[in-house]
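Down below is the structure, laid out as structure tokens.
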Amino acid sequence: MKTVEKNYSPGLDGVIAAETKISVLDTVESQIIIRGYDLIDLSKKYTYLDIVNLLLLGQLPSKDEKVALENKLKANYAIPYEIIDIFKLLPKDTHPMDGLRTGISSLAGFDPKIDDRSFHTNLERAYKLLGSMPNIVANSYRVLNNQEVVEPDASLSYSANFYYMITGKKPTKTEEEIFDQSLILYSEHEMPNSTFTARVIASTQSDLYGALTGAVASLKGNLHGGANEAVMHMLLEAKTVEGFEKLLKSKLAKKEKIMGFGHRVYMKKMDPRALIMKQALRKLCDAKGDDLLYRMGEAGEAIMKEEKGLYPNLDYYAAPVYYMLGLPIELYTPIFFSSRTAGLCAHVIEQHENNRLFRPRVIYTGERHNVKQA
Ligand code: COA
């Protein structure tokens with residue numbers, strides 16, 4: 001009992017849960033290292049598909065390898081029509097994250113090699129999931145909102161097709177680049193709750209679909225991926241810079257947590273990904289000749305720094321960027337999940353390749369009773 005108590009850290013704060021070659025948050029250098037590279041540098045020079053290759057295979061692809069990867073994903077763009085039928089059977093007020101969770105979960109039944117956990121089969125499964133994700137996200141949302149189902153357009157890049165399937169419009173070059181960059185920034189982030197969830201599930205030798213289904217449920221929460229949607233609702237509720245300052249101050253006075261600020265690992269530092277999205281927001285505001293959301297963002301940042309010494313995380317600036325891109329607010333978290341699929345698949349594969357079942361202990365704070373004779 002004594003050893004268990006000594007090792008106890010509520011929320012597993014600071015606990016090392018796994019060895020990994022995939023990524024780490026280097027808090028000393030303030031860098032997010034992905035397979036040896038700085039994620040921020042990658043996000044300025046590469047595309048999402050390069051990062052998918054890097055995450056899954058450990059290296060940036062050559063030109064030919066990238067084409068091969070793109071073709072593999074495109075071959076998986078279609079999803080079984082039965083999954084669209086399942087979306088049609090869901091109650092119309094189903095949350096898009098629950099639609100997404102249902103879609104991913106249903107894919108398992110269509111996998112003839114479901115019990116095969118070999119590296120090669122898991123990799124093919126990861127390509128299937130990544131290829132299907134834009135279709136599942138866009139069409140679960142469309143069906144739930146009585147919109148026409150949209151077919152993927154394989155003539156577009158992965159990100160442009162994703163954007164097109166959601167909005168029904170082909171993105172401009174700037175929109176495509178910024179959307180793609182946001183997918184890179186969301187693609188992998190060491191051991192957040194959802195990645196831990198996926199690895200815990202995978203550690204029982206359960207399959208990739210099950211691990212990702214659990215991860216969607218984890219990412220749905222406001223303290224994790226759900227924060228980007230919550231940020232946008234706050235900005236819309238506030239309407240103006242002054243309104244936003246007032247809203248934040250009144251929330252802080254009520255000791256409420258402000259969505260889009262703070263981070264278990266960074267906490268007192270700026271999330272480097274947030275800065276990239278802030279720059280993207282500037283670009284979009286300039287292109288559209290409307291800088292209200294940028295000014296609101298800066299005003300909120302200043303208040304939180306002054307009042308709480310807290311800095312924005314990625315969700316704080318990704319939310320207004322997605323708004324300026326014309327994406328529906330309810331899809332911000334599903335989009336986050338779709339991009340994170342790359343990192344999650346890499347983690348599940350790594351867990352399957354070098355597994356130790358997760359099974360922690362507890363400190364029992366309940367009572368003990370003697371069972372009396374009946
Ligand atoms: N707004 C206001 N105060 C915050 C805060 C926020 N967003 N995040 C942390 N704090 C404060 C807490 O109130 C607490 O203060 P106290 O010590 O005076 O009670 C202190 O900072 C530590 O917070 P705690 O909740 O214990 O840290 P954590 O490691 O459990 O939380 C988060 C990390 C991300 C869950 C937390 O910062 C949060 O809820 N942020 C908002 C949700 C969000 O943006 N999530 C996306 C994360 S990428």
Side-chain angles (χ1 to χ4, degrees), residues 8-17 23-27 30-32 34 39-40 43 97 182-198 215-238 244-278 281 296-297 299-323 329 331-340 343-344:
Y8 177 47
S9 170
L12 302 185
D13 198 345
V15 169
I16 307 292
S23 74
V24 70
L25 306 190
D26 180 339
T27 48
S30 284
Q31 282 184 328
I32 301 158
I34 307 282
L39 177 69
I40 301 304
S43 77
M97 281 298 273
S182 80
L183 298 185
I184 295 179
L185 296 174
Y186 271 132
S187 65
E188 165 62 14
H189 204 223
E190 198 209 70
M191 193 62 80
N193 192 291
S194 50
T195 305
F196 184 53
T197 302
V216 184
S218 156
L219 200 100
K220 182 183 173 190
N222 263 357
L223 297 189
H224 194 357
N228 56 13
E229 295 180 19
V231 167
M232 201 58 233
H233 289 300
M234 258 187 337
L235 289 166
L236 290 179
E237 182 191 337
F244 192 45
E245 287 171 341
K246 216 168 135 195
L247 182 69
L248 292 186
K249 284 184 179 162
S250 83
K251 279 181 181 291
L252 288 175
K254 286 186 264 171
K255 303 247 172 282
E256 278 180 38
K257 284 237 178 112
I258 311 297
M259 295 298 121
F261 285 89
H263 192 275
R264 175 64 66 83
V265 180
Y266 307 118
M267 203 45 103
K268 299 283 173 192
K269 282 185 189 163
M270 178 97 163
D271 175 344
R273 301 167 303 169
L275 205 56
I276 300 294
M277 279 295 98
K278 186 177 177 182
L281 179 61
M296 288 173 89
E301 208 182 313
I303 287 185
M304 290 302 284
K305 192 173 164 197
E306 196 180 307
E307 304 261 329
K308 296 288 293 184
L310 287 175
Y311 291 85
N313 55 51
L314 172 56
D315 293 319
Y316 184 69
Y317 278 111
V321 162
Y322 283 171
Y323 190 79
I329 298 172
L331 288 186
Y332 293 3
T333 317
I335 292 167
F336 172 177
F337 187 85
S338 303
S339 67
R340 186 57 59 83
L344 285 166

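Starting from 1, each residue takes its place in the sequence as its number. Indexing begins at 1, ligand by ligand and atom by atom, following the structure's order.
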Under a 4.0 angstrom heavy-atom cut-off, which atoms of ligand 1 come close to Asp315? 46 (C), 48 (S)
Can you find a pair of side-chain heavy atoms, one from Val15 and one from Asp13, that are under 4.5 Å apart? no
Met259 versus Asp315: any side-chain heavy-atom pair under 4.5 Å? no
Look at the aromatic rings of Tyr186 and Phe336 and report parallel, tilted or perpendicular, splitting at 30° and 60°. parallel
Run down the list Lys257, His189, Arg264 and name the one with the heavy atom closest to atom 24 (P) of ligand 1. Lys257
Proximity of Lys308 to ligand 1 by residue part, where a heavy atom lies under 4.0 Å: side chain
Give yes if a backbone or side-chain nitrogen or oxygen of Glu256 is under 3.5 Å from a nitrogen or oxygen of ligand 1, and no if not. no
Does Ile40 form a side-chain contact (heavy atoms from CB on, under 4.5 Å) with Leu185? I'd like the steps, not just the answer. CA-CA 8 Å; Ile40 301 304; Leu185 296 174; 4.1 Å; yes
Between Leu310, Asn313, Asn228, flag the one that comes closest to atom 8 (N) of ligand 1 by a heavy atom. Leu310
Has ligand 1 got any nitrogen or oxygen that is less than 3.5 angstrom from a nitrogen or oxygen of Met259? no
Does Asn222 reach ligand 1, in the sense of a heavy atom lying below 4.0 Å from it? yes
Please determine if Arg273 has a nitrogen or oxygen closer than 3.5 Å to a nitrogen or oxygen of ligand 1. no
Sub-3.5 Å N/O-N/O distance, Ala227 and ligand 1: no
Ligand 1 atoms nearer than 4.0 angstrom to some heavy atom of His224 are 45 (N), 46 (C)
In terms of heavy-atom contacts, does CZ of Phe244 have more than 12 from other residues, nucleotides or ligands at under 6.0 Å? yes
Closer than 3.5 angstrom, by distance alone: can the side chain of Tyr316 be matched with the main-chain N or O of Gly297 as a donor-acceptor pair? yes
Partners passing salt bridge (Lys or Arg N to Asp or Glu O under 4.0 Å) against Glu301 (at least two apart in sequence or in another chain): Lys278
For Leu223, the atoms of ligand 1 under 4.0 Å from one of its heavy atoms are 39 (O), 45 (N), 46 (C), 47 (C)
Give, for atom NE2 of His189 and atom CG of Asn313, the distance between the pair rounded to the nearest 0.5 Å. 9.0 Å
Atoms of ligand 1 close to Gly260 [distance to a heavy atom under 4.0 angstrom, numbered from 1]: 43 (C), 44 (O)
Please work out whether any backbone atom (N, CA, C, O) or any side-chain heavy atom from C-beta onward of Asp13 is under 4.0 Å from ligand 1, and answer side chain, backbone, both or neither. neither
So, regarding Ile258 and ligand 1 (criterion: nitrogen or oxygen to nitrogen or oxygen, under 3.5 Å), is there a contact or not? yes
Here the gap from Asn222 atom CG to Lys257 atom NZ, rounded to the nearest 0.5 Å, amounts to 11.0 Å
